[in-house]
Undergrad: 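Below is a structure I'd like to ask you about.
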Amino acid sequence: GQNIDQPTEMTATEGAIVQINCTYQTSGFNGLFWYQQHAGEAPTFLSYNVLDGLEEKGRFSSFLSRSKGYSYLLLKELQMKDSASYLCALRNSNYQLIWGAGTKLIIKP
Amino acid sequence: ETGVTQTPRHLVMGMTNKKSLKCEQHLGHNAMYWYKQSAKKPLELMFVYSLEERVENNSVPSRFSPECPNSSHLFLHLHTLQPEDSALYLCASSQSPTGDGAGELFFGEGSRLTVL
């Protein structure tokens with residue numbers, strides 16, 4: 001089968017670093033995505049990993065290990081505006097997206 | 001502004017009403033999608049159109065009827081809905097994921113539907 005797990009909610013402090021994990025099981029793999037969704041707004045694309053390793057984009061980085069079925073999104077120098085839900089999505093060999101339920105990140109001053 | 005516009009943003013309807021959701025993309029993409037988003041649940045893919053042809057229909061009840069008249073416009077026609085259909089309906093577009101690049105989705109702001 002195919003499924004994705006990510007924590008339901010996380011809390012972090014402004015200025016700190018937080019890592020949001022995503023584990024998955026799939027019979028075929030064609031990339032892993034992270035999206036950010038602020039309350040009441042559209043999800044927006046953050047990152048895409050298809051090869052193992054770390055992809056860095058400013059304060060945000062995304063890591064993938066295909067052998068472990070594992071990805072994480074790392075957010076550095078947290079700002080209040082980073083309070084949002086973060087969605088992990090796997091693209092399988094049929095180019096279908098399998099979505100996690102999202103991780104609600106709460107940033108405290 | 002994501003380049004994908006949805007109307008209406010909010011809709012309240014009775015179970016016997018007929019209404020339509022509209023989506024328009026200004027990105028030149030060749031695929032469009034309807035998703036249902038319910039609280040604390042993963043996004044549920046409803047329909048996919050690629051080059052105006054429906055390529056995926058995920059066992060969606062017939063009370064939801066999609067229409068894609070051209071590559072820039074997508075509709076979701078609603079009739080005799082149930083209260084459990086209340087949710088956020090998101091439209092998205094992308095370039096074909098089988099081509100170059102990630103083929104990431106660009107979402108509209110969504111239409112918040114309440115069925116009484």
Side-chain angles (χ1 to χ4, degrees), chain A residues 1-10 20 22-26 28-51 55 57 60 62 64 71 73 84-106, chain B residues 1-7 9-10 21 23-27 29-51 55-59 87-113:
Chain A
Q2 299 169 118
N3 67 280
I4 289 190
D5 288 311
Q6 52 180 131
T8 303
E9 187 173 298
M10 298 181 70
I20 303 174
C22 172
T23 57
Y24 63 87
Q25 292 179 315
T26 182
F29 180 84
N30 244 318
L32 190 131
F33 295 83
W34 285 95
Y35 286 80
Q36 179 191 59
Q37 186 177 22
H38 286 102
E41 297 184 13
T44 54
F45 169 74
L46 285 178
S47 68
Y48 170 68
N49 294 69
V50 67
L51 300 175
E55 294 278 344
K57 197 184 291 186
F60 292 9
S62 58
L64 175 67
S71 173
L73 181 69
S85 288
Y86 291 86
L87 313 179
C88 175
L90 161 75
R91 188 160 65 196
N92 66 18
S93 53
N94 293 324
Y95 292 93
Q96 296 168 325
L97 280 177
I98 314 300
W99 293 86
T103 298
K104 182 178 180 181
L105 178 63
I106 300 168
Chain B
E1 176 61 48
T2 64
V4 180
T5 304
Q6 287 187 244
T7 55
R9 293 293 309 277
H10 300 274
L21 306 181
C23 177
E24 183 175 359
Q25 59 102 356
H26 311 276
L27 301 169
H29 288 161
N30 53 23
M32 295 188 77
Y33 310 74
W34 278 117
Y35 276 94
K36 177 182 179 182
Q37 188 174 38
S38 303
K40 299 185 179 179
K41 287 187 175 181
L43 285 173
E44 297 175 47
L45 179 64
M46 300 176 73
F47 303 103
V48 182
Y49 279 82
S50 179
L51 298 173
V55 295
E56 196 159 340
N57 177 347
N58 278 359
S59 302
L88 181 67
Y89 289 84
L90 290 164
C91 173
S93 71
S94 75
Q95 288 292 54
S96 170
T98 58
D100 292 335
E104 68 269 29
L105 299 178
F106 290 75
F107 286 89
E109 300 282 356
S111 295
R112 173 71 61 185
L113 174 66

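Throughout, a chain's letter reflects where its sequence line sits, starting with A, and its residues are numbered from 1.
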Undergrad: With under 30° as parallel and over 60° as perpendicular, where do the rings of A:Phe45 and A:Tyr35 fit, or are they tilted in between?
TA: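 Correct class here is perpendicular.
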Undergrad: Give, as side chain, backbone, both or neither, the part of A:Leu87 having an atom under 4.5 angstrom from any heavy atom of chain B.
TA: side chain
Undergrad: With a 4.5 angstrom heavy-atom cut-off, could you sort out which part of B:Leu43 is near chain A: side chain, backbone, both or neither?
TA: both
Undergrad: Parallel under 30°, tilted from 30 to 60°, perpendicular over 60°: which one fits the rings of A:Phe29 and A:Tyr24?
TA: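 Ring orientation of A:Phe29 relative to A:Tyr24: parallel.
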Undergrad: Heavy-atom pairs under 4.5 Å with chain A are the metric here; pick the option from B:Arg9, B:Glu44, B:Gln37, B:Arg112 that has the most.
TA: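 Most pairs with chain A among the choices: B:Gln37.
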Undergrad: Tell me, side chain or backbone of A:Ile98 under 4.5 Å from chain B's heavy atoms, or both, or neither?
TA: neither
Undergrad: Can any side-chain N or O of A:Gln37 pair as donor or acceptor with the backbone N or O of A:Ala42 at less than 3.5 Å?
TA: no
Undergrad: Looking only at side-chain N and O atoms, does A:Tyr48 offer a donor or acceptor that is under 3.5 Å from a partner on A:Trp34?
TA: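 Per modelled atom types, A:Trp34 and A:Tyr48 side chains form no pair under 3.5 Å.
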